[in-house]
Amino acid sequence: MPADPVTSLASAVAASAGAELELERPGEAEHGDYATNVALRLAGARRKPPREIAAEIAESATALDAVERTEVAGPGFVNLFLRDEWFVAALAEMLADGEAFGGGVPGKPERVQVEMVSANPTGPLHVAHGRNGAHGDAVARLFELAGHEVEREYYYNDSGGQMDRFRASVEAVRRGEEPPEDGYRGAYINDLAALKGDPVPLMLTEIEASLDRFRIRFDSFRRQSELELRLPELLPRLDTFEQDGALWARSSAHGDDEDRVLLRSGDRTPTYRAADVAYLVDKLDRGFDRAIYVLGADHHGTRNWYAAVARMLGYDPERVEVLLYQMVNLTKGGEQTRLSRRRGDIVLLDEFMDEIGVDAARWFLVNRGPDQTIELDVELAAERTQKNPVYYVQYAHARIAGILRNAGAAAVSSEPNAPLVAEERELVKRLAELPEVVRDALEKRGPQGIPTYAIRVADDFHRFYHEHRVLESEQEAFRLGLCRATRSVIARCLDLVGVEAPERM
RNA sequence: GCGCCUGUAGCUCAGGGGAUAGAGCGCGCGCCUCCGGAGCGCGAGGUCGCAGGUUCGAUUCCUGCCAGGCGCACCA
């Protein structure tokens, strides 16, 4: 089992108290290292005053080795004050775990597929696609850290009206003509026209290059045209009906918000929704325990469609998960006006990365919860790029790397030579939070807690560093151990959001 | 009209049934004989949209209302 000192302590306290409980870090130092509100929760059921229950729990917890003393406070909180031994043991566990600290061994390891970005290759990626990828990739990394097997997939439409217009536009330019009225235009169309062959794979190659730069690698790609071939076999297995000359899925009867057209009236060609059916079967038949769709909130109307398809086909709908994220709203110079490509404003992912760098770009796009619309002032983002907290966190990492470089072959140990100082204890407690922070982020499919936590870690480290010397101090070995663990935690957090952890800056 | 999301400090946002609601930026004041000052400390700044409800306790949960965003295609 990977180290999780806080949970271990909580279990120990729970055992002595005879009740499930959680520990939290009080806001005030006088309230101890950890506190629990079980007594308040139990008061109703046990029909006893909370402070009375708290006193009993406090009494029994005092017997624990890790606990120096306890107190009952406020309406019935139990505050725990821990001995140095607990901090020393916690650090030792973290160091023993090394890179694995924060990870997990799931009771039931899953094969997870995260399908993300999936922009149709009719043009370069926008910042909104960046949010899709940043979010999806972070969730994927969380699953991996938790011990699951993850594959990243990109799905795209390579046939149909949109792609026809795209190809026609490139062809027109190649003939020296203007793209059709409803076609695509722009510098990239001219660039594609200068190359030979089908523009779709050419465009896809460029998209892949952008994503590679954005540090997202895909394990597989799926094309709509290929999947559609299975439709004649699959559609009869669905709950369908004919109306107005079209074939409909009766998805509203299976949990969807409405029915969907599968085959158009007239030419009976399959819709995108029909291709969804083939794709879902394709995913689930490949044996993924969990198929995750990452979709922009403008697709929220179809969030129940996928599970409905799974139900109609007899699959467990629990295997299908739709992650929604809100829009990215770019403004410039504080004005609420939308950006326009025409004005040469930044809306492309590549331009965004040019402007603020890959690290800040990844950070900005997972920094906020997926349910929150991102309001981004491009001017400020570029101007304040050096003030971005991402650099604050990276700086802490580089600073520690510097100390460890200077330390050379000096001994590293989790055993202290003297009583721990407040900053050391605070830092250990902070590092010990990682397993829970990671679990929480995975559970809510919201990686925004990671950057926030990373800032706190950097904060505690900088404070510790400012107050105490590491090298040539009487606590050198212990503090080097603390540095090593801190660096590892920061590196882990940065990795989870796709940001580099520099040795130097 | 219906559905989803959001309303927390000047700005951008975390948080979330409990003890004095947090961060970054911006603003004000301090700190470099010292392992990296891309740093540290202190301060000003909030009726957590409004009104009810549940609860010993609500900024957090529920309902209604107000405001904003996004959907409601035989586009993807």
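Please read all numbers here as calculations on a predicted model, not as lab measurements. We name chains A, B, ... by the order of the sequence lines, and we start the count at 1 in each one.
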For [X], which contact category applies under a 4.0 Å heavy-atom criterion: base, sugar-phosphate, or nothing?
{"X": "A:A407", "result": "nothing"}
{"X": "A:A398", "result": "base"}
{"X": "A:A297", "result": "sugar-phosphate"}
{"X": "A:R41", "result": "base"}
{"X": "A:T373", "result": "sugar-phosphate"}
{"X": "A:G369", "result": "sugar-phosphate"}

Nearest whole Å is fine: how far is [N] [atom2] from [X] [atom1]?
{"X": "A:D371", "N": "B:G15", "atom1": "CG", "atom2": "C1'", "result": "14 Å"}
{"X": "A:D257", "N": "B:C5", "atom1": "CG", "atom2": "P", "result": "12 Å"}
{"X": "A:I403", "N": "B:G39", "atom1": "CD1", "atom2": "C1'", "result": "12 Å"}
{"X": "A:L376", "N": "B:G24", "atom1": "CG", "atom2": "C1'", "result": "14 Å"}
{"X": "A:I374", "N": "B:C70", "atom1": "CD1", "atom2": "P", "result": "15 Å"}
{"X": "A:E242", "N": "B:C74", "atom1": "CD", "atom2": "P", "result": "15 Å"}
{"X": "A:M116", "N": "B:A76", "atom1": "CE", "atom2": "P", "result": "24 Å"}
{"X": "A:D182", "N": "B:A76", "atom1": "CG", "atom2": "C1'", "result": "15 Å"}

Closest to the [X] side chain, choosing from [options]:
{"X": "A:Y465", "options": "B:C40, B:C74, B:C35", "value": "B:C35"}
{"X": "A:Q372", "options": "B:G36, B:C13, B:C70", "value": "B:C13"}
{"X": "A:E28", "options": "B:U20, B:G18, B:G69", "value": "B:U20"}
{"X": "A:H462", "options": "B:C40, B:G36, B:A19", "value": "B:C40"}
{"X": "A:R469", "options": "B:A19, B:C35, B:C4", "value": "B:C35"}
{"X": "A:H300", "options": "B:A76, B:C35, B:G3", "value": "B:G3"}
{"X": "A:R399", "options": "B:U6, B:A76, B:G39", "value": "B:G39"}
{"X": "A:V261", "options": "B:C74, B:G36, B:G3", "value": "B:C74"}

Same-atom distance ([atom1]) from [N] to [M], integer angstrom:
{"N": "B:G10", "M": "B:C48", "atom1": "P", "value": "13 Å"}
{"N": "B:U59", "M": "B:G18", "atom1": "C1'", "value": "12 Å"}
{"N": "B:G22", "M": "B:G15", "atom1": "P", "value": "15 Å"}
{"N": "B:C27", "M": "B:C11", "atom1": "C1'", "value": "12 Å"}
{"N": "B:C66", "M": "B:G28", "atom1": "C1'", "value": "37 Å"}
{"N": "B:A14", "M": "B:G24", "atom1": "C1'", "value": "10 Å"}
{"N": "B:G39", "M": "B:G26", "atom1": "P", "value": "11 Å"}
{"N": "B:G64", "M": "B:U6", "atom1": "P", "value": "16 Å"}

Does [Y] offer a backbone N or O that forms a donor-acceptor pair with the side chain of [X] under 3.5 Å?
{"X": "A:R463", "Y": "A:E426", "value": "no"}
{"X": "A:R469", "Y": "A:Q475", "value": "no"}
{"X": "A:D259", "Y": "A:S252", "value": "yes"}

Using the aromatic ring of [X] (for Trp, its six-membered ring), decide whether it stacks on the base of [N] within the limits of 5.5 Å and 30°.
{"X": "A:H466", "N": "B:G37", "result": "no"}
{"X": "A:F77", "N": "B:A19", "result": "yes"}
{"X": "A:H31", "N": "B:A19", "result": "yes"}

**Message:** Measuring from atom OG1 of A:T452 to atom CG of A:N367, what distance do you get when rounded to the nearest 0.5 angstrom?
**Reply:**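 Answer for the OG1-CG pair, A:T452 versus A:N367, is 6.5 Å.
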
Nucleotide paired to [N] in any strand shown, Watson-Crick or G-U, under 3.5 Å:
{"N": "B:A19", "value": "none"}
{"N": "B:C70", "value": "B:G3"}
{"N": "B:G24", "value": "B:C11"}
{"N": "B:G36", "value": "none"}
{"N": "B:A51", "value": "B:U63"}

**Message:** Any N or O donor-acceptor pair under 3.5 Å from the base of B:C74 to the side chain of A:T271?
**Reply:**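 Counting by modelled atom types and ignoring angles, no donor-acceptor contact under 3.5 Å is found here.
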
**Asked** With distance as the sole criterion, do the side chain of A:N367 and the base of B:A23 form a donor-acceptor contact below 3.5 Å?
**Response**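 No, no donor-acceptor pair under 3.5 Å.
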
Any salt bridge linking [X] with [Y]? Criterion: basic side-chain nitrogen under 4.0 Å from a carboxylate oxygen.
{"X": "A:D257", "Y": "A:R303", "result": "yes"}
{"X": "A:R250", "Y": "A:E242", "result": "no"}
{"X": "A:R445", "Y": "A:E443", "result": "no"}

**Asked** With respect to the phosphate group of B:A19, does any side-chain polar atom (N or O) of A:N79 fall under 4.0 Å of OP1 or OP2?
**Response**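 For A:N79, the contact criterion (side-chain N or O under 4.0 Å from OP1 or OP2 of B:A19) is not met.
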
**Message:** Taking 4.0 Å as the cut-off, does a side-chain nitrogen or oxygen of A:R273 come that near to OP1 or OP2 on B:A76?
**Reply:**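 False: A:R273 side-chain N/O out of range (4.0 Å or more) of B:A76 OP1/OP2.
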
**Request:** Not counting sequence neighbours, list each pair that qualifies as a side-chain hydrogen bond (donor to acceptor under 3.5 Å, both in side chains) and has a residue in residues 386-395 of chain A.
**Result:**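 Counting only pairs at least two positions apart or across chains, the side-chain hydrogen bond (donor to acceptor under 3.5 Å, both in side chains) contacts touching residues 386-395 of chain A are A:D359-A:Q394, A:Y392-A:D459.
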
**Request:** Please state whether the rings of A:Y279 and A:Y293 are parallel, tilted or perpendicular, taking 30° and 60° as the class boundaries.
**Result:**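 Aromatic pair A:Y279/A:Y293 classed perpendicular.
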
**Parallel, tilted or perpendicular: rings of A:H468 and A:F464 (30°, 60°)** =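 Correct class here is tilted.
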
**Request:** Might you confirm whether atom CD of A:E20 has over 12 heavy atoms from other residues, nucleotides or ligands at distances under 6.0 Å?
**Result:**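 No, because the 6.0 Å sphere around CD of A:E20 holds 12 heavy atoms or fewer from other groups.
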
**Message:** Which residues in residues 434-461 of chain A have a heavy atom closer than 4.0 Å to any atom of RNA chain B?
**Reply:**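 A:K444, A:Q448, A:T452, A:D459, in order of number.
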
**Message:** What residues from residues 495-505 of chain A pass a heavy-atom cutoff of under 4.0 Å to RNA chain B?
**Reply:**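 Output list: A:E503, A:R504, A:M505.
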
**Asked** Could you go step by step and tell me if A:M203 and A:I207 meet the side-chain contact (heavy atoms from CB on, under 4.5 Å) rule?
**Response** CA-CA 6 Å; A:M203 193 65 242; A:I207 287 174; 4.3 Å; yes

**Message:** Less than 6.0 angstrom from the centroid, inside 45 degrees of the normal: does A:R399 satisfy that with respect to the ring of A:Y465?
**Reply:**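 Yes, a cation-pi geometry holds between A:R399 and A:Y465.
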
**Request:** Could you tell me whether A:R131 sits above the aromatic face of A:Y325, with NZ or CZ closer than 6.0 angstrom to the six-membered ring centre and within 45 degrees of the axis?
**Result:**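 The answer is no; the distance or angle limit is not met.
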
